[in-house]
Student: 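Before anything else, here's the structure in question.
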Amino acid sequence: MNIGITVFPTYGGSGIVGSELGRELADRGHNVHFISYELPTRLCQLDERMHFHEVEMFDYPLFEFQPYTLALTSKIIEVAETAKLDVMHMHYAIPHATAAFLAREIYKPTRYLPFVTTLHGTDITLVGAHKSFLPTTKFSMEQSDAVTSISDYLAAETKRTFGYDSVEVIPNFINAKQYYRRENKELRKQLAPNDEHLLMHVSNFRPVKRITDCVRVFALLKARCDTCVRLVMCGDGPEREKAESLARELGVVDDVIFAGSVPNIPDYLSVADVFLMPSETESFGLAALEAMACEVPVIASRVGGLPEVVREGETGYLAPLGDVRAMADYATRLFDDAHWRHTMGARARAVAIDEFTTDRIIPQYVQLYERVVTKKRNL
Ligand code: GMT
């Protein structure tokens, strides 16, 4: 099939999922065409099956805000024609589903180009539900040839907020051949020179990630054993300064490593002992799944779709939102009992592979594409 994919290229998990889905589809023999304003960050390699089409913007003094949705629409129509697209897959409803709807309607006299919309999170729970966007989000979902969400939680939220109940759940996925625990003595030595335990967090440091809770949990752990543990914060974003100054204030800054946006996430996860995700909300929590695949037990807040990813007491622990003491207690339990930590880590990988492996999830998308393409062909 010839599949068009649109994602937000620079920021967030939806771009990562859309990009990795493209790679997986190309590996299975499909031709994938990314249409966006920039090459998605996780796409380092384009090849004969992976193409990128840049949405060009036309700057005009009258446009204080450039109409990106319209430029995206026009680009989809152009690529539909040149690449003979069978289907478009839009990640994040706003404004992508709206652009795909416009493209489909404009292109209809030539050919019907169906589109699938995948909901990822704040496109439903925050941005798309804001009154500036709500009617447009709802309409664009209703007009989609199929709508998927990445968790049961998000499907329920879509029903609650928009009264839309035709969402199919296709969870996020992990490539077990890329995400696995590997030995990296050098990195381990660098991050834990005295063989301290490593508590790790990976995110884009947005307020929703509550990264200051990571620092608070860490300070509690340090108070219990000053030399036993270090905190590794991978990523970057708006809350970094706040977290740094809190670490300074709590006197733990020397043992917090702000590693920045590291390209080799599996290497970092492979040297971690415990992964911490204290998010305010998470419709899935892709970083938790990546940690699990690298045999790292996860401690997360019991919010959103996280209970669908982390199995309480089996692959990690779930704590009430903001309960840093409970999170520190769970971490202590895992640090103190290496056997239990390794058992839980092994179980985390087994669940990641069993439930979320690409071999299980990618065919679900392919079947969905085939269904919407066939349905429209038969109309
Ligand atoms: O919804 C967002 O805030 C944006 C979105 C993104 O682009 O980062 O994140 C969501 O999608 C990820 C990939 O499917 C999920 O793993 C995240 O849990 C989800 N974020 C939230 O729900 C806050």
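Indexing begins at 1, ligand by ligand and atom by atom, following the structure's order.
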Student: So, does R181 use its side chain to make a donor-acceptor pair with the main chain of S270 at under 3.5 Å?
Tutor: yes
Student: To check your reading of the model: name the closest protein heavy atom to atom 18 (O) of ligand 1, its residue, and the distance in Å.
Tutor: E282 OE1, 2.6 Å
Student: Tell me, which protein residue and heavy-atom name are nearest atom 7 (O) of ligand 1, and how many Å apart are they?
Tutor: S14 OG, 2.6 Å
Student: Below 4.0 angstrom from a heavy atom of T281, which ligand 1 atoms are there? Numbered from 1 as shown, please.
Tutor: 23 (C)
Student: So, D27 and R23, do they make that salt bridge, N to O below 4.0 Å?
Tutor: yes
Student: Within a distance under 4.0 Å of any heavy atom of I150, pick out the atoms of ligand 1 and give their elements.
Tutor: 14 (O), 15 (C)
Student: What are the two closest non-hydrogen atoms of S283 and I150, and how far apart are they?
Tutor: OG-CD1, 3.5 Å
Student: Given side chains that start at C-beta, do those of T358 and R28 come closer than 4.5 Å, heavy atoms only?
Tutor: yes
Student: With the side chain counted from C-beta on, respond yes when C214 and K209 share a heavy-atom pair under 4.5 Å apart, and no when they do not.
Tutor: no
Student: Give the atoms of ligand 1, by number and element, whose distance to some non-hydrogen atom of G12 is under 4.0 Å.
Tutor: 6 (C), 7 (O), 8 (O)
Student: List the steps, then state whether salt bridge (Lys or Arg N to Asp or Glu O under 4.0 Å) holds for D273 with R230.
Tutor: CA-CA 10 Å; D273 294 299; R230 299 189 94 195; over 6 Å; no
Student: Check whether any side-chain heavy atom of E54 sits under 4.5 Å from a side-chain heavy atom of K75, and report yes or no.
Tutor: no
Student: So, is D123 polar-close to ligand 1, with some N/O to N/O distance under 3.5 Å?
Tutor: no
Student: G285 to ligand 1: N or O pair under 3.5 Å?
Tutor: yes
Student: Of all the non-hydrogen atoms in the protein, which one sits nearest to atom 22 (O) of ligand 1, and at what distance?
Tutor: S283 N, 2.8 Å
Student: Distance to 0.1 Å, residue and atom name: give those for the protein heavy atom nearest to atom 14 (O) of ligand 1.
Tutor: H120 ND1, 2.7 Å
Student: Distance-only, no hydrogens or angles: does the D267 side chain make a donor-acceptor pair with backbone N or O of I265 under 3.5 Å?
Tutor: no
Student: What is the nearest protein non-hydrogen atom to atom 2 (C) of ligand 1, stated with its residue, atom name and distance?
Tutor: T122 OG1, 2.9 Å
Student: Any luck finding a side-chain donor-acceptor pair between Y92 and T6 under 3.5 Å?
Tutor: no
Student: May I ask you to decide whether D336 forms a salt bridge with R341, counting only side-chain N to carboxylate O separations under 4.0 Å?
Tutor: no
Student: Can you check whether R206 has an N/O within less than 3.5 Å of an N/O in ligand 1?
Tutor: yes
Student: Pairs of nitrogen or oxygen atoms closer than 3.5 Å, one from F284 and one from ligand 1: do any exist?
Tutor: yes
Student: If you measure from each non-hydrogen atom of L286 to ligand 1, which part falls under 4.0 Å: side chain, backbone, both or neither?
Tutor: both
Student: Considering only protein heavy atoms, which is closest to atom 8 (O) of ligand 1, and at what distance to one decimal place?
Tutor: G13 N, 2.5 Å
Student: Atoms of ligand 1 less than 4.0 Å from N172 heavy atoms?
Tutor: 13 (C), 14 (O), 16 (O)
Student: Taking the six-membered ring for Trp and the single ring otherwise, decide whether the centroids of Y369 and H30 are under 6.0 Å apart.
Tutor: no
Student: Examine the proximity of ligand 1 to V17 and report which part, side chain or backbone, both or neither, has a heavy atom under 4.0 Å away.
Tutor: side chain
Student: Could you list the atoms of ligand 1 found under 4.0 angstrom from a heavy atom of G121?
Tutor: 1 (O), 22 (O)
Student: Going by distance only, is there an N or O of Y92 that falls short of 3.5 Å from an N or O of ligand 1?
Tutor: no
Student: Report the part of N204 (side chain from C-beta onward, or backbone N, CA, C, O) that has a heavy atom under 4.0 Å from ligand 1; answer both or neither where that applies.
Tutor: neither
Student: Do the charged groups of E105 and K108 touch, with an N to O distance under 4.0 Å?
Tutor: yes
